[in-house]
There are 2 protein chains.
Amino acid sequence: MNRSNSGANLPTLRSHNAALVLDLLRVAGECGISRLELAERTGLTPQAVSKITARLRAEGLATDAGHRASTGGKPRTVLRLVPDAGYAVGMHLDRDELTVVLVDLAGAVAASRTAPLDFGAPADEVVAVAAYAVAAVRDGGAQSVDLPVLGVGVAVPGPLDHRGGVLHRVTGFPQWDGYPLRDALAARTGLPVVVDKDTNAAALGLALRAAGAGDFAYLHLGTGLGAGLVLGGGLYRGARTGAGEFGHQTVQLDGPVCSCGGRGCIEALCLAAVARGDVAEAARVLGTGAANLVGLLDIDRVMLGGRTVAADPDAYVRGVRAVIDERARLGGIDAPVPVTAAGGGDRPVAEGAAQLVLAPLFGRVAGADVEGADGGAVLVP
Amino acid sequence: MNRSNSGANLPTLRSHNAALVLDLLRVAGECGISRLELAERTGLTPQAVSKITARLRAEGLATDAGHRASTGGKPRTVLRLVPDAGYAVGMHLDRDELTVVLVDLAGAVAASRTAPLDFGAPADEVVAVAAYAVAAVRDGGAQSVDLPVLGVGVAVPGPLDHRGGVLHRVTGFPQWDGYPLRDALAARTGLPVVVDKDTNAAALGLALRAAGAGDFAYLHLGTGLGAGLVLGGGLYRGARTGAGEFGHQTVQLDGPVCSCGGRGCIEALCLAAVARGDVAEAARVLGTGAANLVGLLDIDRVMLGGRTVAADPDAYVRGVRAVIDERARLGGIDAPVPVTAAGGGDRPVAEGAAQLVLAPLFGRVAGADVEGADGGAVLVP
DNA sequence: CCACTTAAGCAACGCTGTTGCCAAAGTGCA
DNA sequence: TGCACTTTGGCAACAGCGTTGCTTAAGTGG
């Protein structure tokens with residue numbers, strides 16, 4: 001929805017429709033989808049879909065996958081995505097651990113690698129370790145075959161400038177302040193690199209997996225508390241990539257002082273409850289923040305994740321759901337917003353990071369420029 | 001960013017670019033804009049802009065407006081919007097008052113009308129009064145000339161279904177629950193009708209007026225407290241048009257009971273402070289909610305409006321700004337988000353309502369279907 | 001007065017999705 | 001087995017979009 005410089009011409013049109021079809025193929029998965037279904041879903045004419053899919057097949061991105069049962073005439077030919085036409089590396093740079101995955105176009109993990117990491121080490125050293133991990137996961141995927149890797153998506157904790165790939169004010173790690181992570185890693189790996197917050201990456205991954213889930217908020221409770229927002233079908237980053245500062249929302253005026261200097265922050269109240277073992281109270285505080293968010297943004301779903309939640313997912317889901325249901329009941333709303341656990345601990349973050357690279361191919365994520373090593377090496381021209 | 005049924009063809013492309021150019025003409029206002037500037041802003045080639053503007057001129061939507069000073073060669077021809085090529089009616093149905101305005105394409109008010117209203121009267125009676133006001137403002141605009149009125153935008157308090165134009169659960173006015181306001185008024189007036197929340201209408205109007213302001217939140221403090229969100233350049237309504245439920249955000253766990261049944265809602269705390277004359281405390285509570293919002297959504301600006309704010313705008317702006325600045329300082333942010341008063345009391349709501357009809361012409365507002373009397377009588381074919 | 005610069009239109013072009021038509025590949029009944 | 005019917009999907013011609021190459025219009029400056 002970028003208002004500036006958004007004039008559309010025929011190449012724009014072409015890639016838009018191609019991305020749309022590719023996304024439907026991706027969502028259909030193994031079972032595939034027929035040309036006529038694609039036409040119905042996109043609003044394009046069947047003939048246009050035929051032309052678009054012919055191009056995709058010529059480029060090796062789509063292929064035939066059998067036939068549907070006949071309904072009285074010629075049976076429909078089913079098309080599906082060719083998953084190994086492209087790969088992306090997803091990386092989760094956490095405070096004490098490095099997780100790297102290699103995923104294909106369909107989002108399936110082809111290889112993964114986890115190693116301890118000292119995020120407090122000099123930035124160049126961390127980048128070197130990261131670049132080595134990328135190389136390792138590329139080799140490990142298939143033996144001596146050069147896989148077409150489109151780029152590297154990196155998820156990091158704390159605030160950053162997503163467009164420039166530069167970190168800012170990472171609490172406790174001053175050596176990262178202003179470090180051009182994207183360009184450094186792009187130079188080391190020779191691949192385009194996209195950097196984003198860990199919560200955003202996780203939310204993006206979940207948004208692509210659960211198709212049709214609509215708008216939702218992903219709340220990540222680990223060493224800190226943050227949120228990833230999927231609004232209007234796309235990841236919402238805000239004006240300065242700072243959206244999702246959920247942890248320091250005030251839910252108690254003049255409450256206890258938080259590490260951020262504020263008072264009554266959700267994060268402080270929630271983690272204090274966790275520290276004294278009161279999971280129910282932690283969930284209630286989290287639920288209050290979640291209910292605020294649900295009301296403000298009118299979202300369809302709340303998903304909980306992160307290490308702390310993973311330790312006792314049922315308790316958190318139950319506690320958060322109780323607050324949201326109560327608020328909905330008071331507001332006279334019949335169907336309260338569902339609350340679920342994301343599952344998989346920290347793994348969704350690395351997989352979501354890979355989707356930072358892949359999502360633009362499918363027309364997802366507004367304004368995510370994949371740049372770095374070479375300007376705009378995208379698959380669909 | 002609607003994901004379903006969004007295949008693009010040539011007419012889509014054409015109207016998209018036409019809307020883009022029309023929007024730039026609108027923003028340029030009286031002074032106009034040259035073809036080459038349009039080309040730079042849109043990213044289109046000058047020749048494409050020439051073709052598009054030729055079409056707009058043929059349709060009577062644009063016209064020449066003199067020349068710029070020469071820079072050594074042929075001087076640029078300046079183009080501008082023809083404001084009276086189209087009009088829209090904006091209506092603010094408040095609890096005790098009805099405000100109707102007639103605005104032209106440029107957003108200028110050509111006629112206005114205010115009358116007391118009993119929102120508690122039977123719905124059909126209110127609609128009859130509203131339809132009469134629409135007819136009156138259409139006649140009053142120009143003497144015996146049939147102005148091209150594109151539709152009616154209606155702003156109402158409380159929750160509703162924007163797509164269907166049906167109200168829901170309006171607190172204190174049960175006769176409106178489920179009433180098909182859009183269709184009823186469309187039948188009475190013979191014009192397409194769009195219905196939205198008052199806060200959304202006001203936010204839209206402000207978004208169009210202050211071009212380039214980026215994302216912002218409009219906080220409306222009147223008989224209640226609500227918010228209108230402009231995210232990613234467009235009005236954000238949420239999945240069920242319920243976004244902006246700002247008043248019942250909890251900012252004090254286990255705080256005083258609110259009329260909604262919850263505890264520690266901003267609205268309850270804020271209005272209680274207003275009732276006892278403590279404007280500073282009201283502003284502080286409002287500021288806390290605003291700061292939460294700024295952090296969560298990373299917006300560029302906060303605007304305050306509504307009758308209560310209009311009574312003492314400086315005090316509210318100062319109080320809200322203080323909280324936001326303090327939070328930014330703690331977060332290490334250099335440039336805190338600006339806070340301003342919207343001004344004009346309730347007038348921005350009616351003008352914004354008119355923009356519910358006009359905005360789609362300029363490519364603004366995602367997913368605002370103007371339907372009603374006749375399906376899709378828009379100006380640009 | 002003439003060289004130069006800048007703006008804007010004309011004509012031809014490549015490419016998009018669309019339309020009309022036809023071959024391919026099934027089902028179902030006689 | 002054969003024929004009528006239904007449905008799918010490709011081929012060819014088409015209208016319309018922005019783009020490119022070139023020409024004309026309308027200024028400035030020496």
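Numbers restart at 1 for each chain; the letters A, B, ... are given by sequence-line order, proteins then strands. Side chains included, hydrogens not; waters and symmetry mates left out as well; all remaining heavy atoms used.
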Task: Phosphate OP1/OP2 of C/dA8: any B/Arg57 side-chain N/O under 4.0 Å - done: no
TODO: Quick one: pull up CG in A/Asp215 and CG in A/Asp298 and give me the separation to the nearest 0.5 Å.
DONE: 8.5 Å
- [ ] Respond yes when some side-chain nitrogen or oxygen of B/Thr45 is under 4.0 Å from OP1 or OP2 of D/dT19, and no when none is.
- [x] yes
Task: Short side-chain N/O contact to C/dG26 OP1/OP2 from A/Arg68, under 4.0 Å - done: no
- [ ] Rounded off to whole Å, could you give me the CZ-to-C1' distance for the B/Arg55 and D/dA15 pair?
- [x] 13 Å
TODO: Write down the distance between CZ (B/Arg35) and P (C/dC10), rounded to a whole number of angstrom.
DONE: 11 Å
Open item on the list: For C/dT27 and A/Ser70 - does any side-chain N or O of the residue sit under 4.0 Å from the phosphate oxygens OP1/OP2?
Closed with: no
Task: Under-3.5 Å donor-acceptor pair between B/Gln47 side chain and C/dC10 base - done: yes
Task: Phosphate-side-chain proximity, A/Asn9 and D/dC17, N/O vs OP1/OP2 below 4.0 Å - done: no
TODO: Provide, to the nearest angstrom, the distance between the NE2 atom belonging to A/His16 and the C1' atom belonging to C/dG17.
DONE: 13 Å
Task: Ionic contact status for A/Arg237 with A/Asp196, cut-off 4.0 Å - done: yes
Task: Residues A/Leu25, A/Ile33; criterion side-chain contact (heavy atoms from CB on, under 4.5 Å); working and verdict - done: CA-CA 7 Å; A/Leu25 287 172; A/Ile33 185 170; 3.5 Å; yes
Open item on the list: Is B/Asn17 close enough to D/dG18 that one of its side-chain N or O atoms is under 4.0 Å from OP1 or OP2 there?
Closed with: yes
Open item on the list: I need the CG-C1' distance between B/Leu56 and C/dA8, as an integer number of Å.
Closed with: 16 Å
Open item on the list: Please confirm whether the shortest side-chain N or O distance from B/Arg14 to OP1 or OP2 of D/dG18 is below 4.0 Å.
Closed with: no
Open item on the list: Rounding to an integer number of Å, can you tell me how far A/Arg76 CZ sits from D/dG10 C1'?
Closed with: 17 Å
Task: Of B/Gly73 and A/His67, the one whose closest DNA chain C nucleotide lies more 5' - done: B/Gly73
Task: Interatomic distance where CG belongs to A/Leu38 and P belongs to D/dG9 [whole Å] - done: 10 Å
Open item on the list: Base, sugar-phosphate or nothing for A/Thr77? Non-hydrogen atoms, less than 4.0 Å.
Closed with: sugar-phosphate
Open item on the list: Nearest heavy atom decides the nucleotide; on that basis, is A/Leu10 or A/Lys74 closer to the 5' end of DNA chain D?
Closed with: A/Lys74
Task: From C/dT6, C/dA25, D/dG18, nucleotide with atom closest to A/Pro75 side chain - done: C/dA25
Task: From A/Leu206 atom CG to A/Phe216 atom CZ, the distance as rounded to the nearest 0.5 Å - done: 5.0 Å
Open item on the list: Working note: B/Thr63 + B/Arg80, criterion side-chain contact (heavy atoms from CB on, under 4.5 Å); need CA distance, chi angles, decisive distance, verdict.
Closed with: CA-CA 6 Å; B/Thr63 188; B/Arg80 67 169 176 82; 3.8 Å; yes
- [ ] Answer yes or no: side-chain N or O of A/Lys51 and base N or O of C/dT18 forming a donor-acceptor pair under 3.5 Å.
- [x] yes
- [ ] To the nearest Å, give me how far apart CD (A/Glu37) and P (D/dT7) are.
- [x] 16 Å
Task: B/Ser50 or A/Pro46, whichever maps to the more 5' nucleotide of DNA chain C - done: B/Ser50
